**Student:** 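Below: one structure in structure tokens.
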Amino acid sequence: MADSNAIPQWFSGSEHTHRVAAAVAQYGPIARTTLAQMLGLSQGALSRITSDLIYAGVIEELPASATAGVTGKLPERFTPKESSDRRGRPQTSLVLCSNARTFVGVKVHGTSIVSAAVNAHGEVVSGRHELPIADDQSPEYVATAIAQLTAACSDDVAAAGLPSPTAVGVAVGGHVVDDSVVTFAPFLHWEGPTDLGAMVSAAAGLPCGVFNDIDSLLVDASWFGPGVGLDMFAVVTIGIGVGYSLAVHGEPVSYPDKSYGLVGHVLVDPEGPRCVSGHIGCSQCLTDDSIAEQYSAIVGKPVTFADFARDARARVPQATQLVNRTCFRLGALVAMVANIAMPGHVMIAGESAFLAKLGTDSLRDGIRYYRHSQTQPVKFTIVNHDWQLWAKAAASRVIVKHIG
């Protein structure tokens, strides 16, 4: 990625300085003694680093009274040691200066582009902005539309008295290299590698990072959501496609082929429908198109996924039957992820994640069926679908790079 397009660093400093800032962002409010133990730093070294970060406007300290009973999540295998010296003033807690920076996050999907501005703690601080792309999915139009959405978000943060955005994060479904070049985007039908990051940066006048959308959800949850502090954390998505990503200590597992939908054809039901590639019972049966075909066969006439979704929410018996079957299959996929990758928590997201809420008992049954009887229950979170969440997640990728 060209230097002009690189995400700028919030501050300059040693590796330890960036580690401290990142830890405060993830785990704050956090006491200095806890932070020093977590990072293996002496109290003196930590004091010097935090003083520099406070002076730079990256973090701030809050009095104990302001954070009484409020602490961030800590790494799951870390237990702070209580100080034997209880004398002196009450401990203060460190937090990120969340409103010192803003960023724009953008999610590009097959029919529209959605954007939102967030502060440095991944909290949305703007309205929701959206532009359609169904009639023109060309890279040129997409870059121009992103620039327009970025301007709208910039207006929002200016009206709120917040600083102008530092950078733009863009999430796409597909394969991205160097946080800029899209080499595979099946829902956008682009031909050949496209340096979307450079195009957006030129159009919007801001540094831009482009990332895989599921990895972005994973990072956002690992820094600001249910994945904070977990050794292993996974995201499984269902909707137009099926996706999966895994984080180890808050970082997505790096693998060059991971963004090609590799989980899309694993077996989840040996008696399930056949996919277009000829596989029987693979996870493609969890996609919207496959569910619409299955429901059409059940009701005896052609129907859309929207028809099925309406009937599912209305608890129409035939739709409920398919919801439960689908959720059992989803449970099989979650169990497979839990059995092989061993995450402590799985987040279920995507356009059709609402099915998991309608059939939660069947989801649990599917998980249990493919797990050993003595294993711990798989913890999972079902996320309400909103493309703005995916846009926010793209901004979170930029925040992580900005903090360094």
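Computed from heavy atoms alone, side chains included, the values below leave out hydrogens, waters and symmetry copies. Only a predicted model underlies this, so the values are computations on that prediction, with no experimental measurement involved. Residue numbers count from 1 along this sequence.
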**Student:** H189 side chain to P186 main-chain N or O, any donor-acceptor pair under 3.5 Å?
**Tutor:**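 Yes; at least one donor-acceptor contact below 3.5 Å.
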
**Student:** Ignoring hydrogens and angles, state whether a donor on the side chain of H175 or T183 is under 3.5 Å from an acceptor on the partner side chain.
**Tutor:**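 A pair is found: one side chain offers a donor N or O, the other an acceptor, under 3.5 Å apart.
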
**Student:** Regarding T17 and D52, do their side chains bring together a donor and an acceptor under 3.5 Å, going by distance alone?
**Tutor:**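 Side-chain D/A pair, T17 to D52: absent.
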
**Student:** Test your reading of the model: is there a side-chain donor-acceptor pair from S290 to the backbone of T287, 3.5 Å cut-off?
**Tutor:**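 Side chain of S290 to backbone of T287: no pair is present.
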
**Student:** Could you give me the CA-CA distance, side-chain angles and deciding distance for D386 and R128, then say whether salt bridge (Lys or Arg N to Asp or Glu O under 4.0 Å) is met?
**Tutor:** CA-CA 11 Å; D386 185 346; R128 174 196 177 100; 2.5 Å; yes

**Student:** Any chance you could lay out the side-chain contact (heavy atoms from CB on, under 4.5 Å) test for L94 and V20, step after step, and finish with the verdict?
**Tutor:** CA-CA 10 Å; L94 299 171; V20 168; 5.8 Å; no

**Student:** Can we call the ring centroids of F328 and Y369 under 6.0 Å apart?
**Tutor:**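 So the answer is yes for these two rings.
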
**Student:** A side-chain contact here means heavy atoms from C-beta on lying under 4.5 Å apart; do T320 and R315 qualify?
**Tutor:**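 Yes. Closest side-chain heavy atoms under 4.5 Å.
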
**Student:** Working to the nearest 0.5 Å, report the span between CD1 of I403 and CG of L53.
**Tutor:**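 It comes to 10.0 Å.
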
**Student:** Determine whether a donor-acceptor pair (N or O, by modelled atom type, separation under 3.5 Å) exists between the side chain of K392 and the backbone of G122.
**Tutor:**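 Yes, the answer is positive, given that a donor and an acceptor are paired below the 3.5 Å cut-off.
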
**Student:** Got D179 and V210 here, is their nearest side-chain heavy-atom distance under 4.5 Å?
**Tutor:**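 No. Closest side-chain heavy atoms not under 4.5 Å.
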
**Student:** Looking at OG of S93 and CZ of R32, how far apart are the two atoms once the value is rounded to the nearest 0.5 Å?
**Tutor:**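 Answer rounded to 0.5 Å: 9.5 Å.
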
**Student:** Does a side-chain heavy-atom distance below 4.5 Å link T50 with E61?
**Tutor:**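 No, their side chains stay 4.5 Å or more apart.
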
**Student:** Counting only N and O atoms by type, is there a donor-acceptor contact under 3.5 Å from the side chain of T102 to the main-chain atoms of N119?
**Tutor:**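 Not confirmed, T102 side chain does not pair with N119 backbone.
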
**Student:** Looking only at side-chain N and O atoms, does T304 offer a donor or acceptor that is under 3.5 Å from a partner on D307?
**Tutor:**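 D307 vs T304: donor-acceptor pair found between side chains.
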
**Student:** Minimum heavy-atom separation for N324 and G359, please, with both atom names.
**Tutor:**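 Result for this residue pair: OD1-CA, 4.1 Å.
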
**Student:** If you look at every heavy atom in P226 and H345, which pair is closest and at what distance?
**Tutor:**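 Smallest heavy-atom distance, with atoms named: CB-NE2, 4.3 Å.
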
**Student:** Quick check: closest heavy atoms across A167 and L206, and the distance to 0.1 Å?
**Tutor:**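 Smallest heavy-atom distance, with atoms named: CA-CB, 4.5 Å.
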
**Student:** Mark yes or no for whether S283, through its side chain, and V263, through its backbone, hold a donor-acceptor pair below 3.5 Å.
**Tutor:**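 Yes; judged by distance alone, with no hydrogens or angles, the pair exists.
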
**Student:** Which value, rounded to the nearest 0.5 Å, describes the distance between L162 atom CG and S126 atom OG?
**Tutor:**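 These two atoms lie 10.0 Å from each other.
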
**Student:** What is the distance from atom OG1 of T111 to atom CG of D135, rounded to the nearest 0.5 Å?
**Tutor:**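 Here the interatomic distance stands at 10.5 Å.
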
**Student:** Could you go through residues 237-246 and list every donor-acceptor pair under 3.5 Å that involves a side-chain atom there, pairing it with any protein atom two or more places apart or in another chain?
**Tutor:**
| from | atom 1 | to | atom 2 | distance (Å) |
| --- | --- | --- | --- | --- |
| T237 | OG1 | G243 | N | 3.2 |
| S245 | OG | D215 | OD1 | 2.5 |
| S245 | OG | K258 | NZ | 3.4 |

**Student:** Could you check V118 against I399 for side-chain contact (heavy atoms from CB on, under 4.5 Å), going step by step and ending with a plain yes or no?
**Tutor:** CA-CA 9 Å; V118 306; I399 293 169; 4.0 Å; yes

**Student:** Does the side chain of F380 come within less than 4.5 Å of T360's, by heavy atoms?
**Tutor:**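 Yes, side chains in contact.
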
**Student:** Say whether, by atom type as modelled, one donor and one acceptor occur between the side chain of W190 and the main chain of Q137 under 3.5 angstrom.
**Tutor:**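 Flag set: sc W190 to bb Q137 pair under 3.5 Å.
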
**Student:** Which atom names give the shortest non-hydrogen contact between F224 and A120, and what distance separates them?
**Tutor:**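 Minimum heavy-atom separation between F224 and A120: CZ-O, 3.9 Å.
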
**Student:** Restricting to non-hydrogen atoms, name the atom on Q43 and the atom on A36 that form the minimum distance, rounded to 0.1 Å.
**Tutor:**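 Closest heavy-atom pair between Q43 and A36: NE2-CB, 3.9 Å.
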
**Student:** Under the ring-ring contact (aromatic ring centres under 6.0 Å, His included) rule, what pairs show up with a residue in residues 93-120, not counting sequence neighbours?
**Tutor:**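 Checked against ring-ring contact (aromatic ring centres under 6.0 Å, His included) - neighbours excluded - the pairs reaching residues 93-120 are F103-H402, H109-W387.
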
**Student:** Below 4.5 Å, heavy atoms only, C-beta onward: do Q284 and H279 meet side chain to side chain?
**Tutor:**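 No - every pair of side-chain heavy atoms lies 4.5 Å or more apart.
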
**Student:** Going by heavy atoms in the side chains, are H129 and C153 under 4.5 Å from each other?
**Tutor:**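 Yes, close enough: below the 4.5 Å cut-off.
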
**Student:** Are the side chain of H372 and the backbone of Q374 linked by a donor-acceptor contact shorter than 3.5 Å?
**Tutor:**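 Present.
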
**Student:** Can you tell if the side chain of L217 reaches within under 4.5 Å of the side chain of W390, non-hydrogen atoms only?
**Tutor:**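 Side-chain contact under 4.5 Å: yes.
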
**Student:** Count the heavy atoms of every other residue, nucleotide or ligand shown that sit under 6.0 Å from OH of Y141, and state whether that count exceeds 12.
**Tutor:**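 Above 12, so yes.
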
**Student:** Quick one: are F78 and T34 in side-chain contact, heavy atoms under 4.5 Å?
**Tutor:**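 Side chain of F78 against side chain of T34, heavy atoms only: contact under 4.5 Å found.
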
**Student:** Could you check whether atom NE2 of H16 has more than 12 heavy atoms from other residues, nucleotides or ligands sitting under 6.0 Å from it?
**Tutor:**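 Result for NE2/H16: open.
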
**Student:** Please report the C-alpha distance between R325 and S362 in whole Å, then the side-chain angles of each, then the deciding distance to 0.1 Å, and finally whether the side-chain contact (heavy atoms from CB on, under 4.5 Å) criterion is met.
**Tutor:** CA-CA 7 Å; R325 186 182 305 163; S362 295; over 6 Å; no

**Student:** Do S216 side-chain atoms and N212 backbone N/O form a donor-acceptor pair below 3.5 Å?
**Tutor:**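 The answer is yes, because a donor-acceptor pair under 3.5 Å joins these two groups.
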
**Student:** After noting the C-alpha distance and the side-chain angles of T166 and W10, does the key distance pass the side-chain contact (heavy atoms from CB on, under 4.5 Å) rule?
**Tutor:** CA-CA 9 Å; T166 298; W10 190 340; over 6 Å; no

**Student:** Output yes when a side-chain donor or acceptor of E271 lies under 3.5 Å from a complementary backbone atom of G281, and no otherwise.
**Tutor:**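 Checked: no pair found.
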
**Student:** Could you measure the distance from the CD1 atom of I113 to the CD1 atom of I133? Nearest 0.5 Å is fine.
**Tutor:**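 The CD1 atom of I133 is 4.5 Å from CD1 of I113, to the nearest 0.5 Å.
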
**Student:** Could you pull out the closest heavy-atom pair between A145 and L131, with the gap in Å?
**Tutor:**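 Heavy atoms of A145 and L131 come nearest at O-CD1, 3.7 Å.
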
**Student:** Donor-acceptor pair, distance only, cut-off 3.5 Å: does the side chain of D231 make one with the backbone of V248?
**Tutor:**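 No.
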
**Student:** Can you tell me how far CD of E76 sits from CG of L230, rounded to the nearest 0.5 angstrom?
**Tutor:**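 So the CG of L230 and the CD of E76 are separated by 5.0 Å.
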
**Student:** Give the table of side-chain donor-acceptor pairs shorter than 3.5 Å for residues 329-337, with sequence neighbours excluded, one pair per line with atom names and distance.
**Tutor:**
| from | atom 1 | to | atom 2 | distance (Å) |
| --- | --- | --- | --- | --- |
| R329 | NE | D269 | OD2 | 2.9 |
| R329 | NH1 | Q294 | OE1 | 2.8 |
| R329 | NH2 | D269 | OD2 | 3.1 |

